[in-house]
Amino acid sequence: AKEQGKDQFKFFEQSANEMMVKKIELQYEIRRGIRDREFVLYYQPQIDFLTGLICGVEALVRWQHPTRGLLPPFEFIELAEESGLIVPLGEQILTEACRQSVIWENAGYKDLTMAVNFSAKQINKKDIVEVVFGILRKTGMRPELLDIEITESIAMENLENTLSIIKKIKNKGVKFSLDDFGTGYSSLNYLHKLPIDHLKIDKQFVQNMRPGSFEEVVIKATIEIAHSMNLVVVAEGVETKEQFEAILAYNGDRAQGYLFSKPVPAKELETLLNNDLKP
Ligand code: C2E
Ligand code: CA
Ligand code: CA
Ligand code: CA
């Protein structure tokens with residue numbers, strides 16, 4: 001048994017080493033991917049419950065890897081955050097999203113909001129306010145159309161700092177969304193402290209919602225509280241007509257999910273826009 005334990009330890013040591021090597025390699029590749037502009041944005045529409053039309057999009061990053069194909073964020077975003085590479089990558093993402101927003105605005109798709117995900121490392125970077133303003137200036141994007149998504153845990157990590165940064169960026173008219181609402185430490189206790197505009201109910205609630213379920217109670221209460229604070233409520237992960245109708249009945253404001261579209265490249269999003277918001 002003792003021998004076996006030793007072998008297992010050796011095995012563990014080896015695979016831990018292998019994992020370390022893999023991580024270093026991946027980190028190196030991410031760096032190269034940023035340099036070679038291999039990261040691309042897909043866009044998922046948000047639908048306004050009142051009009052039934054697309055009122056905005058969320059930009060979601062993908063990695064067009066030269067040998068491994070199109071990679072979703074779970075393959076690289078955590079390591080990008082851990083290594084700090086999310087900072088240059090995040091700047092590329094924001095620049096591209098703003099550039100696309102200007103293209104759509106000029107093409108006549110008016111008032112389409114552009115939601116961009118920010119990670120903790122990005123928002124806590126000293127020069128983040130200047131970076132965001134610089135990109136807005138350089139691309140000529142209307143600041144009112146930019147919607148920065150942060151999560152509860154990001155906001156909690158360094159609340160005072162996050163608060164002051166949000167306030168500065170909002171002075172230009174930029175909007176903020178609280179993403180994945182309901183999944184963090186939670187929530188209602190400091191919700192009123194955050195100067196956000198939109199609250200996104202996490203897809204886990206939407207998808208587990210049944211008549212009389214805990215999730216249903218949470219969604220109803222969240223929408224009511226959010227509205228009393230003048231927040232726009234976005235339901236994520238809406239996959240079925242039943243989910244859509246339930247959230248509509250609870251007075252939700254916007255829906256996002258596979259029921260309407262999965263995230264798609266810019267050109268495909270234009271096809272969706274042409275089917276309703278005619279320029
Ligand atoms: P998120 O911000 O919560 O984004 C929503 C995720 O839910 C997306 O996954 C989207 O494709 C997926 N989704 C949308 N509708 C549905 C639905 O009806 N059903 C289901 N099952 N899923 C749906 P994705 O694109 O794989 O992104 C995963 C996460 O990666 C994002 O979660 C976000 O945390 C992160 N991420 C994506 N893009 C960026 C980025 O540009 N910057 C940063 N910092 N993080 C990003
Ligand atoms: Ca998001
Ligand atoms: Ca989310
Ligand atoms: Ca999430």
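Given the structure is predicted, the values throughout are model-derived calculations rather than measurements. Throughout, residue positions are numbered sequentially from 1 according to the sequence presented. Each ligand, and each atom within it, is numbered from 1 in the order the structure gives.
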Taking 4.0 angstrom as the limit and counting only heavy atoms of [X], give me the atoms of ligand 1 inside it, by number and element.
| X | answer |
| --- | --- |
| Glu239 | 17 (C), 18 (O), 19 (N), 20 (C), 21 (N) |
| Gly257 | 15 (N), 18 (O) |
| Glu236 | 3 (O) |
| Gln207 | 19 (N), 20 (C), 21 (N) |
| Gln44 | 14 (C), 15 (N) |
| Pro263 | 11 (O) |
| Asp180 | 3 (O) |
| Glu58 | 2 (O), 4 (O) |

Inset, instruction - Could you check which of Phe76, Tyr258, Phe74 puts a non-hydrogen atom nearest to atom 17 (C) of ligand 1? - result: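 Closest candidate by heavy-atom distance is Tyr258.
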Inset, instruction - Just go through Pro73, Gly237, Ala80 and tell me whose heavy atom is the nearest to atom 35 (C) of ligand 1. - result: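 Checking each option, the heavy atom nearest atom 35 (C) of ligand 1 is found in Pro73.
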Legend entry - Note, Val61 side chain near Leu41 side chain (heavy atom, < 4.5 Å): yes
Inset, instruction - Quick one: closest heavy-atom pair of Pro66 and Glu38, and the distance? - result: CD-OE1, 3.4 Å
Inset, instruction - Examine the proximity of ligand 1 to Asp179 and report which part, side chain or backbone, both or neither, has a heavy atom under 4.0 Å away. - result: side chain
Inset, instruction - Return the orientation label for the Phe76 and Trp63 ring planes: parallel under 30°, perpendicular over 60°, tilted otherwise. - result: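 It falls in the perpendicular class, over 60°.
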Legend entry - Neighbour count >12 (heavy atoms, 6.0 Å) for atom CD, Glu130: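 Correct, the count exceeds 12.
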Legend entry - Other residues, nucleotides, ligands: >12 heavy atoms within 6.0 Å of Glu224 CD: no
Please find out if the Ca ion (ligand 2) and some N, O or S atom of [X] are separated by less than 3.0 Å.
| X | result |
| --- | --- |
| Glu58 | yes |
| Glu236 | no |
| Asn117 | yes |

Legend entry - Salt bridge present between Glu25 and Lys22 (N-O < 4.0 angstrom):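 Here Glu25 does not pair with Lys22 in a salt bridge, since their nearest N and O are not under 4.0 Å apart.
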Legend entry - Lys125/Glu91 salt bridge by N-O under 4.0 Å criterion: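 So Glu91 does not pair with Lys125 through a salt bridge.
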Inset, instruction - Keeping the roles fixed (side chain from Asn117, backbone from Glu149), state whether a donor-acceptor pair exists under 3.5 Å. - result: no
Legend entry - Glu149: its N/O/S atom lying closest to the Ca ion (ligand 2) (atom name): OE1
Legend entry - Any N, O or S atom of Asp179 closer than 3.0 Å to the Ca ion (ligand 3): yes
Legend entry - Validation row, ring centre Phe244 to ring centre Phe260 under 6.0 Å: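 When the ring centroids of Phe244 and Phe260 are compared, they turn out to be within the sub-6.0 Å range.
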Legend entry - ligand 1 contacted by Lys203 (non-hydrogen, < 4.0 Å):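 Yes, that is the case, since the closest heavy atom of the residue is under 4.0 Å from the ligand.
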Inset, instruction - May I ask whether Pro72 places a heavy atom under 4.0 Å from ligand 1? - result: no
Legend entry - Pair Glu58, Gln44: side-chain N/O donor-acceptor within cut-off below 3.5 Å: no
Legend entry - Between Asp147 and His198, a side-chain donor and acceptor under 3.5 Å: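 Short answer, yes.
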Inset, instruction - Check whether Leu194 and Met229 end up in the same hydrophobic cluster, where Ile, Leu, Val, Met, Phe, Trp and Tyr are linked by side-chain heavy atoms less than 4.5 Å apart. - result: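 Same cluster.
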Inset, instruction - Determine whether Ile103 and Tyr109 fall in the same hydrophobic cluster, where Ile, Leu, Val, Met, Phe, Trp and Tyr are linked whenever their side-chain heavy atoms lie under 4.5 Å apart. - result: no
Legend entry - Atom name of the N, O or S atom in Asp180 that lies nearest to the Ca ion (ligand 3): OD1
Legend entry - Ile93-ligand 1 polar pair, N/O distance under 3.5 Å: no
Legend entry - Nitrogen or oxygen of Arg62 less than 3.5 angstrom from that of ligand 1: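 The answer is yes, given that Arg62 and ligand 1 share an N or O pair closer than 3.5 Å.
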